[in-house]
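Worksheet: the structure to be examined is printed underneath.
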Amino acid sequence: MPLPPPPDFQQLFEKSPGAHLVLAPDADFTIVAVSDAYLRATLTTRERLLGRSLFEVFPDNPEDPNASGTRNLRISLERALATRAPDTMAVQKYDIRRPEGEGGGFEERYWSPINTPALSPDGEVLYLIHRVEDVTDFVRLSLRGEEERERTAALQTRTTEMEMEIFRGSQELLAANRELREAVRVRDESLAQASQARAEAERQREWLHSLFMQAPTAIAIFRGPRYVIELANPLVCRIWGRRPEQVLGKPLFDALPEAADQGFKELLDGVLATGVPYVGTELPVRLARLEGGTLEEVYLNFVYEPLRDAQGQVEAVIVIASDVTELVRTRRRMEALAAEKVRVTEERLRLAMEAMELGTWDMDLTTGALVWDERMRALFGLSADAPVDYPTFLSRVHPEERSHTDRRVQEAIAPGGTGAFAMEFRTLSSENPKERWVYSQGRVHRDASGAPIRFLGTVLDITERRRAEAELRQAAEFRERFLGIVSHDLRNPLNAILLSVNVLMRSDGVVPQHLKTVRRIATSAERMGRMIADLLDFTRGRLGGGIPISPRPAHLRSICRQVLEELEAGNPQRKFRLSTKGDFQGEWDPDRLAQLLGNLGKNALDYSPEDSPVNFVLRDEGDTVCMEVHNGGPPIPAELLPRIFEPFRRATDEGHPTSGLGLGLFIVHQIARAHGGRVEVRSTEAEGTTFRVWLPRSVPVPRT
């Protein structure tokens with residue numbers, strides 16, 4: 001059988017009959033939880049207490065100059081916090097502020113408190129539990145009893161003295177006649193005082209009875225094995241649906257015969273026999289309190305407390321009860337409304353899943369039972385009435401992916417496993433031999449002990465998406481392979497052009513007026529060579545998994561100076577500046593880094609005014625080095641920045657007369673990535689444009 005749901009411990013705490021506070025172990029002893037009994041005892045509300053300091057909401061009575069309740073309580077709480085052990089306080093006088101609706105001011109109260117720390121497994125104090133019992137009535141009775149005992153002792157002493165005087169008077173009867181009459185008078189007064197004392201004791205008994213009758217909670221006393229109702233105040237009579245004259249002096253189950261077979265006698269017998277109290281919470285009781293004797297089901301919170309005689313024997317049971325019928329019914333109505341909301345939510349979810357064409361599955365991991373909805377069955381080619389289990393599922397997975405799918409499922413549902421499943425796979429069925437791609441994901445649900453109990457998930461048909469992706473991938477591969485072949489095949493005639501031009505430029509037979517044309521051919525051929533090299537790097541980056549590099553010991557400052565010399569030679573009208581500080585030795589591909597810096601330098605030249613400098617900065621940052629290339633001029637448009645490192649992109653939409661194919665920054669990004677580094681750009685009107693490249697000092701070893 002499944003385990004019952006865990007109890008709602010917060011509700012149990014709040015509805016317990018004891019008066020409790022839970023305090024945080026901070027400097028203010030902040031109130032974090034409070035029981036209903038404490039709220040009733042202190043004439044306050046939960047909203048007024050929670051989150052506030054204990055001594056803020058319960059200060060000393062300002063009209064009592066001798067009040068010491070807050071000081072004593074703080075000392076006890078700090079002692080419990082320091083010793084990590086319960087601290088029981090003596091009875092404290094701690095007045096309670098009355099609500100303004102009841103006249104305000106403070107009401108005299110006496111309390112019996114105990115402060116108990118709640119410890120973590122490591123022994124740290126998590127909370128302080130402050131439990132109190134209102135002993136005001138008992139203290140007042142004790143004080144009055146003490147006064148009565150003092151009066152009785154005084155009377156006894158006086159009576160003894162009187163008897164001695166009478167004895168002496170009898171010996172001196174003739175000589176002390178007048179003294180004898182005085183003694184008689186004093187004796188009569190003593191008898192009158194004794195009578196007054198008996199009358200006072202009777203008044204105290206009547207007062208105590210009145211206190212029970214006017215108590216704000218239902219109270220009754222059952223005496224003896226037949227549980228004769230000795231006392232029943234109006235509130236308990238109201239719960240029973242009886243008048244006092246119908247129950248007082250009668251055995252309980254004669255006065256309430258409908259309660260005889262509902263298990264209460266067994267509970268009372270247990271308290272009478274063992275002396276152990278019984279606490280009942282929201283117990284259902286059928287009582288004949290409706291007109292005509294019809295049974296009505298009510299719910300009660302009650303406590304059976306043993307009442308002992310002078311010898312300590314249990315002679316009666318005192319009952320303290322409260323009717324919580326409306327509370328229970330209201331909660332059940334709220335639970336029913338919540339269940340209806342859940343049903344509506346589930347229906348909306350079902351409609352949404354139908355609209356998204358999602359199939360669902362539910363696997364009971366304790367029994368192996370598997371439930372598929374209609375869409376799930378359709379995706380796997382099963383009829384609505386066909387049985388389904390896990391082997392059936394695997395049989396509908398494409399053979400090439402069956403073992404991998406099974407392994408992923410087992411990894412998810414195994415004890416201590418991942419608990420989650422998500423993958424794309426193909427399905428096949430005899431009804432539909434055509435391949436179908438699906439995406440399935442699921443999650444494992446566990447019980448309180450962590451054992452997997454259910455595996456829930458969804459399946460989505462992604463066949464069309466996979467087909468579209470395949471077509472796009474084929475088109476991209478064709479385009480990139482075409483570019484690679486073209487750029488490679490163009491090198492042979494281009495190399496022949498460059499070789500011929502170099503021969504002509506060195507030949508003495510070149511006509512001077514033709515030399516400028518030959519040089520123009522050489523420049524164009526070199527530019528075309530760079531473009532072909534960029535195309536080759538692009539195809540390597542896209543088809544070969546990245547631009548290949550050959551790391552070896554290198555010095556970044558030397559590489560940067562070499563690049564600057566080449567840039568200065570080709571652009572004598574421009575100004576270049578280099579700033580370095582630190583160690584720039586590492587393991588890199590120097591040719592590729594020269595290509596990276598050259599592309600950034602050429603980009604800075606192309607998109608900056610001719611009268612502005614191009615700045616190169618090298619920074620030593622420990623395990624990494626940073627290279628910066630900065631130029632002034634108009635900033636890169638904000639909408640282009642996120643795509644600036646994509647292939648065939650330029651810094652502006654208008655391009656530049658000397659710019660190439662728009663692959664320079666793409667190759668910069670690929671070279672940095674091949675070295676395990678990264679590249680960023682910042683471009684504003686005020687600061688200009690700065691490209692920053694971070695490189696580790698050695699290239700990370702690729703994982704195999």
Side-chain angles (χ1 to χ4, degrees), residues 2 345-447 449-478 542-543 545 702-704:
T345 301
E346 290 177 345
E347 178 64 16
R348 289 176 178 169
L349 178 60
R350 184 187 65 79
L351 294 174
M353 294 181 71
E354 288 180 356
M356 297 171 62
E357 296 186 340
L358 279 175
T360 64
W361 45 268
D362 183 350
M363 186 176 184
D364 188 331
L365 297 179
T366 61
T367 65
L370 189 59
V371 177
W372 286 4
D373 70 352
E374 182 179 350
R375 177 62 178 166
M376 182 78 176
R377 290 175 175 272
L379 289 174
F380 284 80
L382 286 179
S383 62
D385 56 350
V388 61
D389 55 18
Y390 186 66
T392 303
F393 160 71
L394 286 180
S395 69
R396 300 301 173 108
V397 178
H398 195 284
E400 295 178 2
E401 298 166 8
R402 192 171 297 157
S403 61
H404 180 56
T405 303
D406 180 49
R407 183 170 67 255
R408 294 285 296 276
V409 171
Q410 300 305 322
E411 289 173 353
I413 66 177
T418 62
F421 169 80
M423 69 175 296
E424 298 179 357
F425 55 88
R426 290 172 291 172
T427 67
L428 283 176
S429 66
S430 57
E431 295 80 358
N432 184 11
K434 190 175 181 181
E435 284 186 2
R436 185 194 300 270
W437 277 96
V438 297
Y439 172 71
S440 181
Q441 61 180 349
R443 181 165 295 278
V444 174
H445 295 264
R446 307 178 187 274
D447 60 16
S449 65
I453 56 174
R454 291 184 72 189
F455 191 25
L456 305 174
T458 60
V459 170
L460 177 65
D461 188 344
I462 59 170
T463 305
E464 294 304 320
R465 192 198 78 190
R466 289 296 295 247
R467 289 173 180 167
E469 289 175 350
E471 292 177 3
L472 290 174
R473 186 166 54 253
Q474 290 173 357
E477 289 177 356
F478 173 79
R542 296 297 291 266
L543 297 179
R703 296 182 179 178
T704 58

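Atoms NE2 and CH2, from His398 and Trp437 in turn, are 8.5 Å apart once rounded to the nearest 0.5 Å. A distance of 11.0 Å separates CD in Gln410 from OG1 in Thr418, rounded to the nearest 0.5 Å. Distance check: Arg377 CZ to Arg375 CZ gives 14.5 Å after rounding to the nearest 0.5 Å. In this structure, Asp461 CG and Leu358 CG are separated by 10.5 Å, a value rounded to the nearest 0.5 Å. Atom CH2 of Trp372 sits about 11.0 Å away from atom CE of Met363, to the nearest 0.5 Å. Rounding to the nearest 0.5 angstrom, the gap separating the CH2 atom in Trp361 from the CG atom in Leu456 is 7.0 Å.
For the residue pair Ser395 and Arg402, the shortest heavy atom distance occurs at O-NH2, 3.4 Å. The minimum heavy-atom distance between Gly359 and Asp373, with the atom names listed, is CA-OD1, 3.6 Å. Nearest heavy atom pair, residue Asp447 against residue Ser449, reads OD1-OG, 2.7 Å. Annotation for Phe455 and Ala412: closest pair CZ-CB, 4.2 Å, computed over non-hydrogen atoms.
Surrounding CZ of Arg446 are more than 12 heavy atoms belonging to other residues, nucleotides or ligands, all under 6.0 Å away. No more than 12 heavy atoms of other residues, nucleotides or ligands shown are found within 6.0 angstrom of CD on Glu374.
With sequence neighbours excluded, the residues that form a salt bridge (charged side-chain N to carboxylate O under 4.0 Å, His left out) with Arg454 are Asp362. Every residue two or more places apart in sequence or in another chain that forms a side chain to side chain contact (heavy atoms under 4.5 Å, CB included) with Arg467 is listed here: Lys434, Thr463, Glu464. Among residues two or more places apart in sequence or in another chain, the side-chain hydrogen bond (donor to acceptor under 3.5 Å, both in side chains) test is passed with Glu401 by Arg426. For His404, the side-chain hydrogen bond (donor to acceptor under 3.5 Å, both in side chains) criterion is met by Arg407, not counting sequence neighbours. Taking Thr366 as the reference, Asp364 meet the side-chain hydrogen bond (donor to acceptor under 3.5 Å, both in side chains) condition, with sequence neighbours excluded. Residues meeting the side chain to side chain contact (heavy atoms under 4.5 Å, CB included) test with Ala422, sequence neighbours left out: Tyr439, Gln441.
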All N/O donor-acceptor pairs, side-chain side in residues 379-393, below 3.5 Å, sequence neighbours left out:
unit_1, atom_1, unit_2, atom_2, d
Ser383, OG, Asp385, OD1, 2.8
Ser383, OG, Ala386, N, 3.4
Asp389, OD1, Thr392, N, 2.9
Asp389, OD1, Thr392, OG1, 2.6
Tyr390, OH, Asp406, OD1, 2.6

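Legend: salt bridge (charged side-chain N to carboxylate O under 4.0 Å, His left out) pairs involving residues 413-424, not counting sequence neighbours, sorted by first then second residue: Glu424-Arg465, Glu424-Arg466.
Using a 4.5 Å heavy-atom cutoff, the side chains of Thr458 and Thr360 are in contact.
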